[in-house]
**Student:** 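Here it is, the structure in full.
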There are 4 protein chains.
Amino acid sequence: MIRAGVIGATGYAGAELVRILTGHPDVEITMLTSRQYADVRFSDIYPAFTGHADMICQTFDPGRTCDACDVIFTALPHKIPMSIVPDLIEKGKKVIDLSADFRFSNVENYESSYQPHSAKDLLKKAVYGLCEVYHEKIKTSDLIGNPGCYPTSTLLPLIPLIKKNMIDCKTIIVDSKSGTSGAGRSLSLGAHYCEVTESFKAYKVAQHRHNPEMNEVLSREAGPGKNVSITFVPHLVPMSRGMLTTTYASLAGDISDESLRACLESFYKDRPFVRLCRDGKVPDTRNVRGTNYCDIGFKTDRVNGRVILISAIDNLVKGAAGQAVQNMNIMTGLDETRGLLQVPYPL
Amino acid sequence: MIRAGVIGATGYAGAELVRILTGHPDVEITMLTSRQYADVRFSDIYPAFTGHADMICQTFDPGRTCDACDVIFTALPHKIPMSIVPDLIEKGKKVIDLSADFRFSNVENYESSYQPHSAKDLLKKAVYGLCEVYHEKIKTSDLIGNPGCYPTSTLLPLIPLIKKNMIDCKTIIVDSKSGTSGAGRSLSLGAHYCEVTESFKAYKVAQHRHNPEMNEVLSREAGPGKNVSITFVPHLVPMSRGMLTTTYASLAGDISDESLRACLESFYKDRPFVRLCRDGKVPDTRNVRGTNYCDIGFKTDRVNGRVILISAIDNLVKGAAGQAVQNMNIMTGLDETRGLLQVPYPL
Amino acid sequence: MIRAGVIGATGYAGAELVRILTGHPDVEITMLTSRQYADVRFSDIYPAFTGHADMICQTFDPGRTCDACDVIFTALPHKIPMSIVPDLIEKGKKVIDLSADFRFSNVENYESSYQPHSAKDLLKKAVYGLCEVYHEKIKTSDLIGNPGCYPTSTLLPLIPLIKKNMIDCKTIIVDSKSGTSGAGRSLSLGAHYCEVTESFKAYKVAQHRHNPEMNEVLSREAGPGKNVSITFVPHLVPMSRGMLTTTYASLAGDISDESLRACLESFYKDRPFVRLCRDGKVPDTRNVRGTNYCDIGFKTDRVNGRVILISAIDNLVKGAAGQAVQNMNIMTGLDETRGLLQVPYPL
Amino acid sequence: MIRAGVIGATGYAGAELVRILTGHPDVEITMLTSRQYADVRFSDIYPAFTGHADMICQTFDPGRTCDACDVIFTALPHKIPMSIVPDLIEKGKKVIDLSADFRFSNVENYESSYQPHSAKDLLKKAVYGLCEVYHEKIKTSDLIGNPGCYPTSTLLPLIPLIKKNMIDCKTIIVDSKSGTSGAGRSLSLGAHYCEVTESFKAYKVAQHRHNPEMNEVLSREAGPGKNVSITFVPHLVPMSRGMLTTTYASLAGDISDESLRACLESFYKDRPFVRLCRDGKVPDTRNVRGTNYCDIGFKTDRVNGRVILISAIDNLVKGAAGQAVQNMNIMTGLDETRGLLQVPYPL
């Protein structure tokens with residue numbers, strides 16, 4: 001059994017980690033920490049978990065955590081992980097960090113969007129945990145920068161086409177829509193029911209911090225010397241879970257729908273969590289709710305020579321906790337689907 | 001492996017059965033039928049199930065169904081099951097019927113609320129599948145009338161108190177609130193998003209067909225000669241899943257909160273799907289969403305000598321498909337929780 | 001033109017007052033105050049109001065307020081109004097207070113549910129602003145304690161039947177359901193979208209502070225020596241506006257549906273904001289959304305000799321800001337419907 | 001008083017017309033028709049309207065309609081209006097048609113997206129009722145093709161920039177998101193609450209019938225010889241009312257934010273229903289809910305030389321019934337805001 005700890009267990013991503021790990025056949029949760037709810041039973045904070053996760057939340061202590069755990073998930077606000085992860089890594093633990101702190105190869109990209117980085121050396125060691133793309137590197141890594149939800153939903157449909165030079169990288173426009181749980185559990189007026197319901201809006205237009213994360217990965221995948229910069233606009237949807245990303249790009253020549261489909265199919269043929277929609281259908285966030293799937297569909301606008309890629313994930317699962325556990329599975333030599341193949345809900 | 005069939009697999013209760021049975025470790029689904037979607041792949045109707053339930057739906061044929069299945073779930077509109085179930089039972093199959101057709105001991109109660117009954121003899125054989133109350137009878141039964149969602153949520157908190165004479169049966173008022181999925185998947189204006197959202201209303205006030213079902217069971221449990229008749233008002237909540245029932249009754253004497261709690265605890269101490277709320281808390285439908293739990297809490301109004309019972313279930317799970325599978329587990333000698341203990345979602 | 005001020009204009013009830021007063025043909029808003037948003041344009045806080053209410057919010061100053069206004073609405077948390085209203089009254093202003101501070105005749109009822117009262121003398125002067133019941137007193141009053149939303153929806157259907165001794169006052173059970181805006185705009189986890197959506201729950205079961213308010217009014221209306229104490233359970237609905245109250249009571253004898261209907265019709269025949277549902281229909285909160293109506297319907301359970309009253313209001317309008325303006329209309333000699341008869345929305 | 005009729009009054013757009021016309025100070029509704037609800041009181045279909053619109057719906061009869069009405073709104077499915085409008089026009093009535101039948105100048109554009117047109121001659125007479133752009137023509141017209149909701153929200157931000165050659169017309173990508181009421185009131189599984197809630201999806205990707213409507217207008221406005229063809233992807237939002245459109249285009253040169261803003265401001269300076277967001281803010285559908293406003297904001301992505309236009313309307317008001325009444329106002333010489341300036345709701 002893998003002994004796992006969740007640092008920051010009571011936020012939405014943390015609680016989703018607790019859900020998945022509790023149901024994981026090879027995992028025993030040995031540590032849950034919470035600043036806000038120290039000494040409180042987890043199932044008193046989330047009564048749904050009564051009978052499933054009745055552990056007491058503790059305050060974080062590196063020593064006790066390392067004694068108790070083999071794998072540690074850090075589900076904390078940006079900036080905090082870089083101050084605690086180095087210690088955990090030094091003590092030989094495997095760490096999967098859900099913040100942005102270890103997602104960047106280039107520290108300048110991080111620092112221009114977030115803040116000065118205090119553990120730059122670890123960035124070289126860290127692997128970007130987009131499982132379908134970097135599984136080989138993940139296998140041997142001890143530190144994962146778990147991707148953001150917007151990057152996950154954007155990169156998965158784009159990377160196969162970019163690697164095959166099927167689209168013009170200068171024309172990529174990403175219009176993404178996220179459920180409200182992406183805003184987290186911290187108090188904020190913008191997360192209030194009365195402010196969200198019957199509301200649809202864009203935010204951080206062309207200024208979101210996930211934008212540089214996507215640019216870095218896309219530039220790397222596009223090949224040496226390529227500098228990809230996308231236009232990215234996130235929107236807020238009045239629902240709790242789910243993310244749909246609509247990506248527009250000009251085709252790099254006269255490329256048929258069959259070629260596009262073949263490119264995606266070939267790239268993902270052994271990747272169980274990417275489902276290509278059949279028969280020209282397109283994804284719906286409902287179909288991936290609560291699951292680790294990324295559903296992908298596409299259409300072409302032949303008049304304008306553009307491809308329209310549409311991808312759906314659950315922002316808390318494939319966009320956070322599910323992909324984190326998938327990373328753990330890969331790092332520990334388990335089948336990557338272990339604990340992640342619950343049957344989806346019909347509604 | 002139990003070979004299971006779902007007759008009427010594409011309605012909401014049917015699809016929920018497919019979800020639970022697909023994840024059940026001791027079950028193989030060998031037959032899905034649908035009038036509306038014959039010859040269509042199940043995952044084309046519910047794309048969430050792609051990779052999990054890709055079988056083709058068939059038209060119902062009793063011979064093929066009996067050849068293929070050991071246990072048959074009939075998730076059909078009232079009146080249809082009584083015309084097909086006798087044949088299945090005669091062929092030695094175990095049948096769990098989700099309609100009202102086999103819920104009543106007294107055929108007159110059925111006929112006054114529904115229509116003439118064409119398989120009256122089977123009513124004697126059928127067991128009312130409220131698992132926590134009738135598990136002994138269920139063990140040896142071949143035909144289960146699976147309870148309605150309103151009765152399940154109402155009967156579970158009431159029966160222990162009634163059996164111990166703690167409440168005055170003439171004073172029972174049941175105010176129940178259901179999510180929209182209870183209305184089913186058939187087209188109706190009342191189920192439209194724009195009609196349901198930002199709407200809360202009562203319907204079938206003191207006239208709902210689940211009322212006689214509850215009266216029959218409560219009268220039986222109250223003891224010989226008791227004729228319990230409750231006031232029952234259902235309401236529609238703008239959400240998809242979940243049911244909360246608030247029940248009011250006068251206490252039969254000076255009964256302490258401790259006695260009430262002890263009565264409920266004692267009755268349900270070995271019943272894994274009933275959770276009594278801790279510390280005077282009361283249930284929330286969110287905490288049982290997607291699960292087979294019935295969460296129960298209560299408060300007393302000492303000025304008026306009344307107890308207020310509050311119970312929450314997922315109308316599609318404990319109120320339909322989940323309890324049906326629980327019945328199957330009990331009928332086939334499995335642990336009653338098999339396939340039904342997925343970790344709940346935090347949100 | 002009436003010069004009106006709203007003290008506490010940026011909470012949900014305050015903003016709804018601004019909406020109604022802005023559209024009122026006989027009113028000019030001359031003062032908006034806000035602690036949190038002092039010196040901010042109202043339409044920067046609520047951009048919907050751009051072009052309609054672009055005034056700057058001020059900090060509250062009694063002198064400036066009295067100079068600027070004839071009528072003052074105080075939409076503040078309980079306890080604050082009793083410290084500022086005496087001054088306004090002394091200066092000859094008409095005040096409509098939306099808090100609980102001036103709703104009680106009996107100061108003990110207030111103090112047992114809220115806190116010590118610092119302006120007890122004013123309680124004698126204050127009139128309980130349930131317009132349909134107390135319009136005569138309201139006409140000549142300078143200080144209105146504007147009723148709570150739960151009391152408004154509960155009292156309107158009950159009072160006519162109680163005054164005519166048609167129900168047994170010892171049997172009243174009130175099961176009420178409120179939209180989320182009732183919780184106000186202050187930050188709280190319980191008001192978060194992800195906590196409210198797909199959730200239905202009871203809260204403050206038999207302990208809500210509106211309970212004594214209702215008991216006091218019902219006891220008064222029941223007649224000398226009558227001490228009415230209801231069982232009251234509020235619930236939270238996943239919608240923003242609207243309140244539905246289901247009230248159960250035993251009939252005081254063999255009273256026909258026609259008599260019940262005649263009693264309600266007679267009581268409300270000249271009251272434009274109470275609509276009795278036609279043809280045995282029952283209310284839906286959608287039908288009163290954004291309006292000052294209280295829709296009322298009823299059914300009887302003849303087996304148990306009970307009447308079931310159902311009433312629907314918009315908690316922010318008839319349950320708060322709309323009734324406050326209706327009170328202003330009555331106090332100032334205007335037709336009570338002025339500014340309050342916008343055509344409702346079909347959806 | 002203008003005597004107005006609504007043909008097809010019980011669909012969502014029709015009912016919204018009834019709402020607005022009932023509150024219009026210069027209009028008397030003299031005819032409501034409905035195939036489905038002939039001889040039924042309008043307020044029995046929409047109980048919210050009790051006391052406001054209690055007329056009986058009639059079956060449509062051209063003679064009676066022309067006798068009763070000066071202005072006729074046809075809110076019917078595509079294809080039906082072209083068979084009845086010629087008669088009404090011949091009888092000297094002013095007609096505002098909410099279908100697509102009279103929106104196209106070029107009949108081929110209509111026929112390729114809809115069906116053969118049986119009243120081609122009238123297309124020359126009909127004016128496209130995008131009020132802010134074609135008000136001069138509307139003034140003298142008897143027949144208006146009222147724009148679709150997607151075209152209204154897309155064209156208003158784009159046209160000023162296109163007319164001033166500020167963007168490259170070959171690069172326009174429109175990602176639009178609509179509330180569910182846009183699907184209408186006809187029964188469909190896709191409109192069911194349980195199918196819509198917690199779901200976000202694209203539909204008719206690059207194939208929507210509003211696409212040619214936009215192309216025709218944009219080509220006309222771009223100038224002689226210009227053939228604009230946009231990439232258009234509509235999405236469905238789990239809310240009832242509201243539409244947000246995010247439009248991407250490459251800037252035609254080095255154009256500053258100030259120039260873009262000045263262009264929009266100048267174009268709309270006398271148009272009361274277009275509100276440009278202040279201070280770099282962007283629109284939210286909540287702010288226009290129930291109103292005839294189109295709120296517009298924009299951002300630039302300087303790295304890629306793109307402008308991102310964001311516009312919000314209520315699809316049933318500015319996207320249908322409100323703009324129809326605005327057209328009536330202009331056609332009849334009234335101020336264009338008459339009956340359309342209700343104060344918006346704060347939530």
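These figures come from a predicted structure and were not determined experimentally. Chain letters run A, B, ... following the sequence lines, proteins first, then strands; residues in each count from 1.
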**Student:** Should B:Glu198 and C:Arg241 count as an ion pair when the cut-off is N to O under 4.0 Å?
**Tutor:**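 No salt bridge links B:Glu198 with C:Arg241.
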**Student:** Heavy-atom pairs under 4.5 Å with chain C - which of B:Val233, B:Asp301, B:Thr231, B:Leu244 has more of them than the others?
**Tutor:**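 With the most close heavy-atom pairs to chain C, the winner is B:Thr231.
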**Student:** Give, for atom CE of B:Met239 and atom OG of C:Ser199, the distance between the pair rounded to the nearest 0.5 Å.
**Tutor:**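 So the gap between those two atoms works out to 7.5 Å.
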**Student:** I need the residue from C:Ser240, C:Ala202, C:Gly297 with the largest number of non-hydrogen atom pairs under 4.5 Å to chain B.
**Tutor:**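 Looking at each of C:Ser240, C:Ala202, C:Gly297 in turn, C:Ser240 comes out on top.
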**Student:** Who passes side-chain contact (heavy atoms from CB on, under 4.5 Å) against C:Arg261, sequence neighbours left out?
**Tutor:**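 If we apply the side-chain contact (heavy atoms from CB on, under 4.5 Å) test to C:Arg261, skipping adjacent residues, the hits are C:Glu265, C:Leu276, C:Phe298.
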**Student:** Would you mind telling me which of C:Met243, C:Arg289, C:Lys299 has the largest number of heavy-atom pairs within less than 4.5 Å of chain B?
**Tutor:**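 The answer is C:Arg289.
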**Student:** Considering heavy atoms only, which positions within residues 279-286 of chain B lie below 4.5 Å of chain C?
**Tutor:**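 At a heavy-atom separation under 4.5 Å, chain C is reached by B:Val282, B:Pro283, B:Asp284, B:Thr285, B:Arg286.
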**Student:** Please look at B:Leu236 and chain C and tell me whether the side chain, the backbone, both or neither of the residue comes under 4.5 angstrom of a heavy atom of that chain.
**Tutor:**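 Nothing of B:Leu236, per the 4.5 Å heavy-atom cut-off to chain C.
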**Student:** Which residues in residues 246-260 of chain B have any heavy atom lying under 4.5 Å from a heavy atom of chain C?
**Tutor:**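 If one takes a 4.5 Å heavy-atom cut-off, the residues of residues 246-260 of chain B near chain C are B:Thr246, B:Tyr248.
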**Student:** Looking at C:Val205, C:Asn287, C:Ile310, which has the largest count of heavy-atom pairs under 4.5 Å with chain B?
**Tutor:**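 So the answer, after comparing C:Val205, C:Asn287, C:Ile310, is C:Val205.
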**Student:** So which of C:Cys194, C:Ala206, C:Gly242 has the largest heavy-atom pair count under 4.5 angstrom toward chain B?
**Tutor:**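 Most heavy-atom pairs under 4.5 Å with chain B: C:Cys194.
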**Student:** Identify the residues of residues 174-184 of chain C whose heavy atoms come closer than 4.5 Å to a heavy atom of chain B, ordered by number, or report 'none'.
**Tutor:**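 Within residues 174-184 of chain C, the residues that come under 4.5 Å of chain B (heavy atoms only) are C:Val174, C:Asp175, C:Lys177.
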**Student:** Side chain, backbone, both or neither: which part of B:Ala312 has a heavy atom under 4.5 Å from chain C?
**Tutor:**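 When you check distances to chain C, no heavy atom of B:Ala312 falls under 4.5 Å.
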**Student:** Can you list the steps and then say if C:Leu347 with B:Glu195 is a side-chain contact (heavy atoms from CB on, under 4.5 Å)?
**Tutor:** CA-CA 7 Å; C:Leu347 71 156; B:Glu195 309 286 325; 5.8 Å; no
**Student:** Please report the shortest heavy-atom distance between B:Val237 and C:Pro238, naming the atom on each side.
**Tutor:**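 Looking at all heavy atoms of both residues, the closest pair is CG1-CD, 3.7 Å.
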**Student:** Side chain of C:Asn304, backbone of B:Ser229: donor and acceptor closer than 3.5 Å?
**Tutor:**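 Yes; judged by distance alone, with no hydrogens or angles, the pair exists.
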**Student:** Determine whether more than 12 heavy atoms belonging to other residues, nucleotides or ligands lie under 6.0 Å from atom CD of B:Glu108.
**Tutor:**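 Atom CD in B:Glu108 is not packed in, count stays at 12 or less.
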**Student:** Is it the side chain or the backbone of B:Arg306 that comes within 4.5 Å of chain C heavy atoms, both, or neither?
**Tutor:**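 Looking at B:Arg306, just its side chain touches chain C.
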